[in-house]
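Atoms within each ligand, like the ligands themselves, are counted from 1 in listed order. Everything quoted here is computed from the prediction, not taken from an experiment.
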Amino acid sequence: MRLLDKVAIVTGAASGIGFAAVKRFVEEGARVVIADFNEEAGKEVAEQFQHEQVKYIMTDVSNRESVKELVNQTIEQFGQIDILINNAGITRDAMLYKMTDEDFQQVININLTGVFNCTQEVIPYFIKQQSGKVINTTSVSGVYGNIGQTNYAAAKAAVIGMTKSWAKELGRKGINVNAVAPGFTMTSMVEKMPQHVIDKMVDMIPLQRLGKPEDIANAYLFLASDEASYVHGHVLHVDGAIMM
Ligand code: CAA
Ligand code: NAI
């Protein structure tokens with residue numbers, strides 16, 4: 001068991017990649033908090049696990065008070081935090097000339113400020129215990145850019161900048177910080193894309209398939225485990241080599 005006795009917060013874990021991570025982490029012995037904005041889905045997925053092992057806490061990562069509450073409740077219920085997976089994210093795709101201020105700001109608030117909020121609230125616990133793992137979710141779009149994703153690519157590129165800054169700041173405190181950059185992965189996010197764009201993307205992937213949520217969950221698991229203790233400030237691409 002690679003995460004025995006560890007407590008992980010996974011944001012955006014009521015569906016898709018985050019939910020796959022919860023299942024994988026539980027298999028490896030972790031206790032997990034599902035921190036998600038979607039209360040109905042969050043409660044429903046948490047019920048699939050034993051209550052002592054998985055808890056749902058309603059969280060809006062873009063809201064500082066909500067994140068404080070998440071951290072307080074996690075400590076209250078599980079007594080510790082060892083792993084933070086900043087996985088929550090949204091898309092509001094539009095061509096630059098059609099993108100509204102609201103589309104832009106909402107993506108920044110959740111995909112960028114949300115990562116800042118959660119990490120800043122959790123980090124005092126990690127510093128106190130001189131250990132902890134922060135894993136941020138960026139994207140192939142944040143590394144290479146993508147049509148229709150001005151807002152999303154900006155936020156995801158900024159997450160890489162934060163990951164590297166935190167690796168430099170927090171390494172000396174025994175805290176590992178890394179990011180995972182998924183490629184196009186079969187979740188509701190990709191389901192919203194026009195089919196002809198999905199087809200174009202699959203054509204570009206040497207493995208000739210989209211990613212599965214489990215492919216990304218396994219990368220989170222590796223970075224969260226002791227096996228990755230000397231992996232630090234890294235952006236792990238899990239994308240079938242779409243842009244190689
Ligand atoms: N790659 C290549 N070409 C693309 C493209 C893409 N990602 N997105 C759009 N295009 C092309 C279209 O094929 C179209 O080409 P033609 O003019 O030759 O027909 C042109 O750009 C304009 O597109 P639309 O007619 O669709 O324009 P629209 O204004 O109605 O919609 C859009 C624009 C909202 C960006 C829509 O095209 C779209 O949703 N595209 C997909 C954007 C995308 O890739 N999002 C990723 C979502 S998954 C995710 O975000 C996870 C992750 O981290 C990767
Ligand atoms: P998803 O839409 O299935 O899951 C995202 C989850 O985040 C949802 O459960 C949603 O309720 C939650 N969420 C949204 N706003 C929130 C908020 N303010 N506070 C808390 N939770 C919130 O999407 P998916 O694909 O599982 O995405 C997970 C992460 O992976 C995201 O950061 C996404 O940007 C990233 N990613 C996804 C890729 C893909 O192709 N699916 C590719 C690259 C990155």
field: Minimum non-hydrogen distance to atom 10 (C) of ligand 2, winning option of N38, D36, V159
entry: D36
query: In ligand 2, which numbered atoms sit nearer than 4.0 Å to a non-hydrogen atom of T59?
result: 19 (N), 20 (C)
- prompt: Is it the case that N86 and T119 place a side-chain donor and acceptor less than 3.5 Å from each other?
  reply: yes
query: Is ligand 1 less than 4.0 angstrom away from at least one heavy atom of M201?
result: yes
- prompt: What about D60: any of its N or O atoms under 3.5 Å from an N or O on ligand 2?
  reply: yes
task: Only heavy atoms count here, so choose which of M95, K192, M204, M99 is nearest to atom 21 (O) of ligand 1.
output: M95
message: If the cut-off is 4.0 Å to any non-hydrogen atom of G16, which atoms of ligand 2 fall inside it?
response: 3 (O), 26 (O)
- prompt: Does K200 use its side chain to pair, donor to acceptor, with the backbone of H196 at less than 3.5 Å?
  reply: no
task: Measure from atom 14 (C) of ligand 2 to every heavy atom in I34, N86, I90 and give the option owning the shortest one.
output: I90
field: Shortest heavy-atom approach to atom 25 (O) of ligand 2 - which of T91, V180, T113, T187
entry: T187
Protein residue, atom and distance nearest to atom 11 (C) of ligand 1, heavy-atom basis: K200 NZ, 4.4 Å
query: Does a salt bridge link K43 with E39, judged by any charged N lying under 4.0 Å from a carboxylate O?
result: yes
message: Tell me whether I110 reaches ligand 2 (any heavy atom closer than 4.0 angstrom to a ligand atom).
response: yes
query: Of all the atoms in ligand 1, which lie at a distance below 4.0 Å from a heavy atom belonging to P194?
result: 38 (C), 39 (O), 40 (N), 41 (C)
query: Which atoms of ligand 2 have any heavy atom of F184 under 4.0 Å away?
result: 40 (O)
field: Sub-3.5 Å N/O-N/O distance, S62 and ligand 2
entry: no
task: Report yes if Q149 has an N/O atom closer than 3.5 Å to an N/O atom of ligand 1; otherwise report no.
output: yes
field: Residue pair N87 / Y220, side-chain donor-acceptor N/O under 3.5 Å
entry: yes
statement: Closest to atom 30 (O) of ligand 1 among protein heavy atoms sits K98 NZ, 4.1 Å
message: To check your reading of the model: name the closest protein heavy atom to atom 45 (N) of ligand 1, its residue, and the distance in Å.
response: D93 OD2, 2.7 Å
- line: Of all protein heavy atoms, the one nearest atom 7 (O) of ligand 2 is G12 CA, 3.3 Å
task: Would you please determine whether G183 falls within less than 4.0 Å of ligand 2 on a heavy-atom basis?
output: yes
- request: Kindly check if the number of other-residue, nucleotide or ligand heavy atoms within 6.0 Å of CG (D203) is above 12?
  value: yes
task: Please report which non-hydrogen protein atom sits nearest to atom 8 (N) of ligand 1, along with the residue it belongs to and the distance in Å to one decimal place.
output: I147 CG2, 3.5 Å
- request: Name the closest protein heavy atom to atom 31 (C) of ligand 2, giving the residue it belongs to and the distance to 0.1 Å.
  value: N87 O, 3.1 Å
message: Using a plain distance cutoff, I'd like to know if K156 has any nitrogen or oxygen under 3.5 Å from a nitrogen or oxygen of ligand 2.
response: yes
message: Among all protein heavy atoms in this structure, tell me which lies nearest to atom 17 (C) of ligand 2, with the distance rounded to 0.1 Å.
response: F37 CB, 3.7 Å
statement: Going by the 4.0 angstrom heavy-atom rule, the piece of T185 near ligand 1 is neither
- prompt: Do N151 and Q149 have a side chain donor and acceptor closer than 3.5 Å?
  reply: no
- prompt: What do you reckon, does T138 put a non-hydrogen atom under 4.0 Å from ligand 2?
  reply: yes
query: So, are E28 and R24 salt-bridged, with charged N and O less than 4.0 Å apart?
result: yes
query: Can you tell me which residue and heavy atom of the protein come closest to atom 5 (C) of ligand 2, and the distance to 0.1 Å?
result: G89 O, 3.7 Å
query: Is there a nitrogen or oxygen of P182 sitting under 3.5 Å from a nitrogen or oxygen of ligand 2?
result: no
message: Which of the numbered atoms in ligand 2 are under 4.0 angstrom from any heavy atom belonging to T137?
response: 29 (C), 30 (O), 32 (O), 35 (C)
Min heavy-atom dist Y152 to ligand 2 below 4.0 Å: yes
- request: Would you mind telling me if ligand 2 is within reach of the side chain of I17, the backbone, both or neither, using heavy atoms under 4.0 Å?
  value: both
- line: Closest to atom 48 (S) of ligand 1 among protein heavy atoms sits M193 SD, 3.7 Å
field: V190 and ligand 2 - part of the residue with a heavy-atom distance under 4.0 Å
entry: side chain
query: Would you call S188 a ligand 2 contact, heavy-atom distance under 4.0 Å?
result: yes
field: Nearest non-hydrogen protein atom, atom 35 (C) of ligand 1
entry: G148 CA, 3.6 Å
- request: Give the residue, atom name and distance (to 0.1 Å) of the protein heavy atom nearest atom 40 (O) of ligand 2.
  value: T185 N, 2.7 Å
message: What protein heavy atom lies closest to atom 12 (C) of ligand 1? Include the residue and the distance to one decimal.
response: H196 NE2, 3.8 Å
statement: closest protein heavy atom to atom 51 (C) of ligand 1 is Y152 OH, 3.6 Å
- prompt: How about N117 and E121: does a side-chain donor come under 3.5 Å of a side-chain acceptor?
  reply: no
field: Protein contact to atom 4 (O) of ligand 2 [nearest heavy atom, distance to 0.1 Å]
entry: S15 OG, 3.2 Å
- prompt: Hey, which atoms in ligand 1 end up nearer than 4.0 Å to a heavy atom of S139?
  reply: 52 (C), 53 (O), 54 (C)
query: Would you say atom 16 (P) of ligand 1 has a protein heavy atom nearer than 4.0 Å?
result: no
